[in-house]
Colleague: 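Please see the structure below; I have some questions.
Residue numbers start from 1 in every chain, and the chains themselves are labelled A, B, ... in the order their sequence lines are given, proteins ahead of strands.
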Protein chains: 2
Amino acid sequence: MSRPCPQHQHPHRLIQQPLSDLTDKLRQGELKITIPRQAILDVLRKHSSPLTIKEIHTSLGKLDCDLATIYRNMHTLERMGLVRRYDFGDGAARFELSPEEGDGHHHHLVCTRCARIVELDDCFLNEFQDQLARRHGFTQISHRMEFFGLCPNCQVP
Amino acid sequence: MSRPCPQHQHPHRLIQQPLSDLTDKLRQGELKITIPRQAILDVLRKHSSPLTIKEIHTSLGKLDCDLATIYRNMHTLERMGLVRRYDFGDGAARFELSPEEGDGHHHHLVCTRCARIVELDDCFLNEFQDQLARRHGFTQISHRMEFFGLCPNCQVP
DNA sequence: CTTGAGGATGCAAGCGGTTTGCAATTTTCC
DNA sequence: GGAAAATTGCAAACCGCTTGCATCCTCAAG
């Protein structure tokens, strides 16, 4: 389905962090270090683009843990800021490891046919967002933005 | 799918009692003008912000038509370009009448507490989008972008 | 090293939004 | 009016996701 993205297109910011870092964070959050938890983080570390729960589950392979466990873990990991959730509008949430520290906010360009995902590094919307907030009196403002189209490989039926 | 050539269809239609623009378009698309269909379009015409299927259904009131019918109709109306679908990430699709003719592309600022929706008139992303397409070799490119925050009324718990 | 409290998991049931198969009905055209 | 085709209602199913509950595991205190 989704194939690996050419390296030159997006030097992604998933800095390979030592496992101890992650487990450290787990401990800080008073989370127990369990087999499924470690395995999920491992899977996420090995992929550069956001994965669905199903993809995570099949990536876990022989460690065939329950879907409910993955769902629950994605929530807790998200709550801890270890993982970032994306919604491409196809009904399945996708997750990737949060880039280290900085808010690492970024967006995606998604092929509507093969689901290939290109990561876009920069988000230029912050000042526009602030302006919007001021104009309409909103606070705690955030945004979702994704691009869709046919990738080069999918343009010939 | 295939639309008849505008010149060669239903010549009598033009001199009949004035039908709404919408029913006009239904005929052009070879869609039958049914009670539920008209009622749904009526509801959408009376609301300025996108409605969920449920909201449409309750707005239909005494004409208590089946949810499946609404779902099916939203698909066909969307395919005809009469209706626009939005996804605010809360699991329920929302629909509004397509702005007349021009692509009428626009975005929303959604209160995450009371779901109040502010429509933003302009979209400044088109040239950026084209640039993206060129850079990554994508075609048929489009985007989704929504803003979220707390509206003025929801800022004091 | 043992132990136990509370977190985490597996299982199964359930939920909300959406889709679909099919028979019955409605719209439209003649 | 009557036939063909589109549309509807109904019920069941689907999909992603959540939850209740009994059991299991982790980890720190002893």
Colleague: Expressed as a whole number of angstroms, how long is the span from A:Lys54:NZ to D:dC14:P?
Modeller: 12 Å
Colleague: C:dG17 P sits how many Å from A:Asp90 CG, rounded?
Modeller: 18 Å
Colleague: Decide if the gap between the ring center of B:Phe128 and the ring center of A:Phe124 is smaller than 6.0 angstrom.
Modeller: yes
Colleague: OP1 or OP2 of C:dT19 less than 4.0 angstrom from a side-chain nitrogen or oxygen of B:Tyr71, does that happen here?
Modeller: no
Colleague: Can you measure B:Ile33 atom CD1 to C:dT25 atom C1' for me and round it to whole angstrom units?
Modeller: 18 Å
Colleague: Tell me: CD1 of A:Ile53 to P of D:dG16, nearest whole Å?
Modeller: 11 Å
Colleague: Starting from C1' on C:dG17, measure out to CG on B:Asp87 and report it in whole angstrom.
Modeller: 12 Å
Colleague: Ignoring hydrogens and geometry, is there a side-chain-to-backbone donor-acceptor pair from A:Glu146 to B:Arg144 under 3.5 Å?
Modeller: no
Colleague: Run through B:His47, B:Arg85, B:His106, B:Arg84 and flag the one making a side chain to side chain donor-acceptor pair (under 3.5 Å) with B:Glu96.
Modeller: B:His106
Colleague: How many whole angstroms separate atom CG of A:Leu60 from atom P of C:dT9?
Modeller: 12 Å
Colleague: Side chains of A:Val43 and A:Glu55, heavy atoms from C-beta outward: is any pair under 4.5 Å?
Modeller: no
Colleague: Does the pair A:Asp130/A:Arg134 count as a salt bridge with the N-to-O cut at 4.0 Å?
Modeller: no
Colleague: Dump the intermediate steps for side chain to side chain contact (heavy atoms under 4.5 Å, CB included) on A:Phe95 and A:Ile53, then the final yes or no.
Modeller: CA-CA 8 Å; A:Phe95 302 86; A:Ile53 296 282; 3.7 Å; yes
Colleague: In whole Å, I'd like the distance from the CD atom of A:Gln38 to the C1' atom of D:dT26.
Modeller: 11 Å
Colleague: Which part of the nucleic acid does A:His75 contact within heavy-atom distance under 4.0 Å: base, sugar-phosphate only, or nothing?
Modeller: sugar-phosphate
Colleague: Using whole Å, what does the distance between atom C1' of nucleotide C:dT19 and atom CZ of B:Arg79 come to?
Modeller: 14 Å
Colleague: What is the per-nucleotide protein-contact pattern of nucleotides 1-12 of chain D, from the 5' end, where B denotes a base atom under 4.0 Å from a protein heavy atom, S denotes such proximity for sugar-phosphate atoms only, and - denotes neither?
Modeller: ----BSSBBB--
